[in-house]
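For reference, the structure discussed in these notes is given below.
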Amino acid sequence: MQERLKKILEESREQLKKAASLQDAEETRIKVLGKKGELTEILRSMGKLSPDERKELGQAANQVRAEVEKMLSDTVNNLKEKAKEAKFKAEAIDVTEPGKTYKLGTKHPITITIEEIAKVFKSMGFSLAEGPEVETVFYNFDALNADPYHPARDWTDTFYINDEILLRTQTSPVQVRTLLSQKPPIRVFAPGRCFRCDTPDATHSPMFHQVEGLVVDEGITMADLKGVLDSFAKQMFGSDTRTKFRPHHFPFTEPSAEMDVSCFKCGGKGCRVCKGSGWIEILGCGMVHPSVLRVGGVDTEKYTGFAFGMGVERIAMLKYGIDDIRLLYENDMRFIEQFK
Ligand code: DAH
């Protein structure tokens, strides 16, 4: 019996030494101390012994049990400790590691240019107006006094969805929408995308941006138009900038003009940017045609107005020295990141 007890103790020690998991330790416990465990059986069988034997063996058996129990709890504690350490190790944060860096995007040059234009007009009391990119023939052409046979209406210039709906070819329809939804005094600017059936090349893109402007109030004259647009040019291109207005024709303005600014690159001496002329054409403008005002429900006896429209790509390209409009839409990050 003593031998068996010794063996149980030795075996338990060996097994627990090898125990790699709580499950292993539990198996040893069941094997030795469980209901049908080796030691339990010895203790149970002691009834058959004489009192002296029982006393002696009982002491020895209890000692073994105490030792096995102690080993068990040590093993369990040890394993738990190890598991905890492993967990901490796995979850450890190496504070010396370089942090994850998120690359910030940059604003597109077109966005930057629209924001600059918007800032100038906001400072002059203009507010933002908007209209849909999918427009009706009525707002894009008819209401703007466009001749029924105007070449711009042609299938080759305009993306038609059907006979009445198209992709707007200009931001000017926002003028009419604004006249119909607001009462004078009106002072709005309307940036947005426009579409024309153009084959892409260095200066043409089937999608491009314009900023439209509209002012309607009592007593508005060409002098107001010139003052506002001259001030815009000076804020946008530098205070030395001079402006010049050349007669032109647009169906929705009368009289109409194009505004040139003195070349902001050479100051007017003549260079590559201004193609040697010293002047750069920047926008179309004019006094709103009475028939446009009438479509917009404005009393033409009381009110007059002026309007203007500029191409954002053209201004961005001139300002940043971009020589091909297609660069603006290729989204090559090496290009776009230059405009921070
Ligand atoms: N909508 C014209 C275009 O696409 C630009 C324009 C010219 C707008 C004169 C205007 C204006 O408001 O008065 O070419």
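Whatever order the structure lists ligands and atoms in, that order sets their numbers, starting from 1.
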Going by side chain to side chain donor-acceptor pair (under 3.5 Å), name the pairs with one or both residues in residues 270-279, residues two or more places apart or in two chains.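 Counting only pairs at least two positions apart or across chains, no side chain to side chain donor-acceptor pair (under 3.5 Å) contact touches residues 270-279.
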
Any pair with a residue in residues 282-300 that passes side chain to side chain donor-acceptor pair (under 3.5 Å), sequence neighbours left out, goes on the list, sorted by first then second residue, please. N145-H289, N145-S291, H289-S291

May I ask you to check whether F232 and F189 place their ring centres under 6.0 Å from each other? no

May I have every N or O pair linking ligand 1 to the protein at under 3.5 Å, one per line with atom names and distance?
{"from": "ligand 1", "atom 1": "1 (N)", "to": "Q170", "atom 2": "OE1", "distance (Å)": "2.8"}
{"from": "ligand 1", "atom 1": "1 (N)", "to": "S172", "atom 2": "OG", "distance (Å)": "2.9"}
{"from": "ligand 1", "atom 1": "4 (O)", "to": "R196", "atom 2": "NH2", "distance (Å)": "2.9"}
{"from": "ligand 1", "atom 1": "4 (O)", "to": "Q210", "atom 2": "NE2", "distance (Å)": "3.0"}
{"from": "ligand 1", "atom 1": "12 (O)", "to": "Q175", "atom 2": "NE2", "distance (Å)": "2.9"}
{"from": "ligand 1", "atom 1": "12 (O)", "to": "E212", "atom 2": "OE2", "distance (Å)": "2.5"}
{"from": "ligand 1", "atom 1": "12 (O)", "to": "F308", "atom 2": "N", "distance (Å)": "3.3"}
{"from": "ligand 1", "atom 1": "12 (O)", "to": "F308", "atom 2": "O", "distance (Å)": "3.2"}
{"from": "ligand 1", "atom 1": "13 (O)", "to": "A307", "atom 2": "O", "distance (Å)": "3.1"}

Should C285 and T253 be marked as a side-chain contact (heavy atoms from CB on, under 4.5 Å) after you check the CA-CA gap, both sets of side-chain angles, and the distance that decides it? CA-CA 7 Å; C285 56; T253 43; over 6 Å; no

With a cutoff of under 4.5 Å between side-chain heavy atoms, which Ile, Leu, Val, Met, Phe, Trp and Tyr residues group with F250? F138, Y139, L144, V176, L179, L180, I186, V188, L214, V216, F252, V288, V292, L293, V295, V298, Y303

For side-chain contact (heavy atoms from CB on, under 4.5 Å), just list the numbers for M287 and I220, CA-CA rounded to whole Å, side-chain angles, deciding distance to a tenth of an Å, and then say yes or no. CA-CA 9 Å; M287 299 304 291; I220 296 290; 4.3 Å; yes

